[in-house]
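Reading through the structure tokens given below for one structure.
Below, each value reflects all heavy atoms present in this structure, side chains not excepted, and no hydrogens, waters or symmetry copies.
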Amino acid sequence: MATQTPKYRAPALDKGLDILELLAGSSRPLSIAEISEGVGRSRGEIFRMLQVLEERDYIARGEGDVGYSVTPRLFRLGMEQPPVKSAIETAMPVMHHLADTCGQACHLVVPSGEQIVVVARVDPPGEVALVVRVGHRRPMSQSTSGHVLLAFQEEQTRERWLDLITRFEPALDRKKLMRLVNQLRTRGYACERSHVVDAVTDLSAPVLQHGSAVCALTIPYIEQQNASQSMDDVIAALLHATREISEALQFGSPRTT
């Protein structure tokens, strides 16, 4: 399909967004020369743009002036979106109760393009848990939380997300992923071996609003000796928590009982 020509152009804005997207996708700071090559523009074209982005705290230079990288400013702006902010504020008291009850860490995940991003977390009272930092990202297709978000969407939305994922992962087995997603939707939650850490089972369930998942609540479950609750107990508590958050988003403040 041919790419449509944009109706309006804003060259300076295009340059700034190109730079931010390039730096966001890099695992290390990039020099001016690398940025220039990456966005296909001359050093003179991007020099002032880099200065402005740095002054506005969207990018920063690394120690020893080794290059530029993005700051958390864009992430903070995203966290201020009313749907995300509302979901976090609503979920936090329920997440604290869940972590205290189960003795397991939990975190809240939202979609971000073809990825998922952790927007909130609660640590348990005990000494043993796997905690995932706020801001952590993973491809949606390679995370249990991402599978949950895909499963509980309207078909049109899910297909659009899958098209986006496939652009970044051309080798993705779309049919295999859809079989997994359909099974998960029928079950109502996900229970998968961690895609990152051995001996951890990711338990994840959707927080629903108008029938679609706005976020996923996930427990990186670690089996502990002398634990008072089994995995089945933790799954039941997780499902109770997501129902409570879903109802609160729909009708009002959650009951933390």
Applying side-chain hydrogen bond (donor to acceptor under 3.5 Å, both in side chains), run through Asp233 and Ser230 and close with a yes or a no.
-> CA-CA 5 Å; Asp233 294 328; Ser230 66; 3.2 Å; yes
I would like to know whether Leu177 and His147 meet side-chain contact (heavy atoms from CB on, under 4.5 Å); could you show each step before the answer?
-> CA-CA 8 Å; Leu177 179 59; His147 297 164; 3.7 Å; yes
Tell me, with the steps shown, if Val39 and Lys15 meet side-chain contact (heavy atoms from CB on, under 4.5 Å).
-> CA-CA 8 Å; Val39 300; Lys15 277 189 283 190; over 6 Å; no
With side-chain contact (heavy atoms from CB on, under 4.5 Å) as the test, would you mind laying out the steps for Leu203 and Met231 before giving the verdict?
-> CA-CA 9 Å; Leu203 308 175; Met231 183 186 291; 4.2 Å; yes
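Connection of Tyr221 to Val148 is not established within any shared hydrophobic cluster, with ILVMFWY side chains joined at heavy-atom distances below 4.5 Å, either directly or through further cluster members. Hydrophobic clustering (side-chain heavy atoms under 4.5 Å, transitive across Ile, Leu, Val, Met, Phe, Trp, Tyr) keeps Leu184 apart from Leu162. Under a hydrophobic-cluster definition in which Ile, Leu, Val, Met, Phe, Trp and Tyr are linked whenever side-chain heavy atoms come within less than 4.5 Å, directly or via other members, Val70 and Met49 are assigned to the same cluster. Both Leu30 and Leu53 are assigned to one and the same hydrophobic cluster, defined by single-linkage of ILVMFWY side chains at heavy-atom distances under 4.5 Å. Residues Leu149 and Leu208 do not share a hydrophobic cluster, defined by chaining ILVMFWY side chains whose heavy atoms lie under 4.5 Å apart.
Of the candidates Val109, Val117, Ile116, Arg138 forms a side-chain contact (heavy atoms from CB on, under 4.5 Å) with just one, namely Ile116. Of the candidates Met178, Arg185, Arg158, Arg158 is the only one forming a side-chain contact (heavy atoms from CB on, under 4.5 Å) with Leu150.
Using a 4.5 Å cut-off on side-chain heavy atoms (C-beta onward), Pro111 and Trp161 make contact. Side-chain contact between Leu108 and Val110 is absent, with no heavy-atom pair separated by less than 4.5 Å. Using a 4.5 Å cut-off on side-chain heavy atoms (C-beta onward), Val132 and Arg121 make no contact. Arg179 is listed as a side-chain neighbour of Lys176, based on a closest heavy-atom distance under 4.5 Å. Residues Ile32 and Tyr68 form a side-chain contact, since some pair of their non-hydrogen atoms from C-beta on lies under 4.5 Å apart. By the 4.5 Å heavy-atom criterion applied to side chains, Met140 and Leu164 are not counted as neighbours.
Of all heavy-atom pairs spanning Leu238 and Leu217, the tightest one is CD1-O, 3.6 Å. In plain terms, the two heavy atoms of Ala151 and Val181 that are nearest each other are CA-CG1, 3.3 Å. In terms of heavy-atom proximity, Glu89 sits nearest to Pro93 at O-CD, 3.5 Å. The two residues Leu239 and Ala205 make their nearest non-hydrogen contact at CD2-CB, 3.8 Å. Across Ser194 and Asp202, no two heavy atoms sit closer than the pair CA-OD2, 3.5 Å. Closest approach of Gly103 to Pro124, counting heavy atoms only: C-CB, 3.6 Å.
Figure legend: cation-pi geometry between Arg43 and Phe47 absent, as NZ or CZ is not positioned both under 6.0 Å from the six-membered ring centre and within 45° of its axis.
The main-chain N or O of Ser31 is found under 3.5 Å from a side-chain atom of Glu34 such that the two form a donor-acceptor pair. Checked by atom type and distance alone, the side chain of Thr101 never pairs as donor or acceptor with a backbone atom of Leu98 at under 3.5 Å. Remark: the backbone N or O of Glu192 is not paired with any side-chain donor or acceptor of Thr201 at under 3.5 angstrom. With hydrogens and angles ignored, the 3.5 Å screen pairs a side-chain donor or acceptor of Ser143 with a backbone N or O of Gly146.
When the shell of 6.0 Å around CD of Glu37 is examined, it contains 12 or fewer heavy atoms from other residues, nucleotides or ligands. The 12-atom threshold is not exceeded at CZ of Arg56, counting heavy atoms of other residues, nucleotides or ligands nearer than 6.0 Å. For CD of Glu154, the number of neighbouring non-hydrogen atoms (other residues, nucleotides, ligands) closer than 6.0 Å is 12 at most.
Side chain to side chain, Glu169 and Gln142 meet the donor-acceptor criterion of an N or O pair below 3.5 Å. Ser204 and Thr144 form no side-chain donor-acceptor contact under 3.5 Å, judged by distance and modelled atom types alone.
A salt bridge is absent between Glu114 and Arg167: the closest approach of a Lys/Arg side-chain nitrogen to an acidic carboxylate oxygen does not fall below 4.0 angstrom. The pair Lys175-Asp173 does not count as a salt bridge, with every side-chain nitrogen at least 4.0 angstrom from each carboxylate oxygen. In summary, Glu159 and Arg174 engage in a salt bridge, as defined by a charged side-chain N under 4.0 Å from a carboxylate O.
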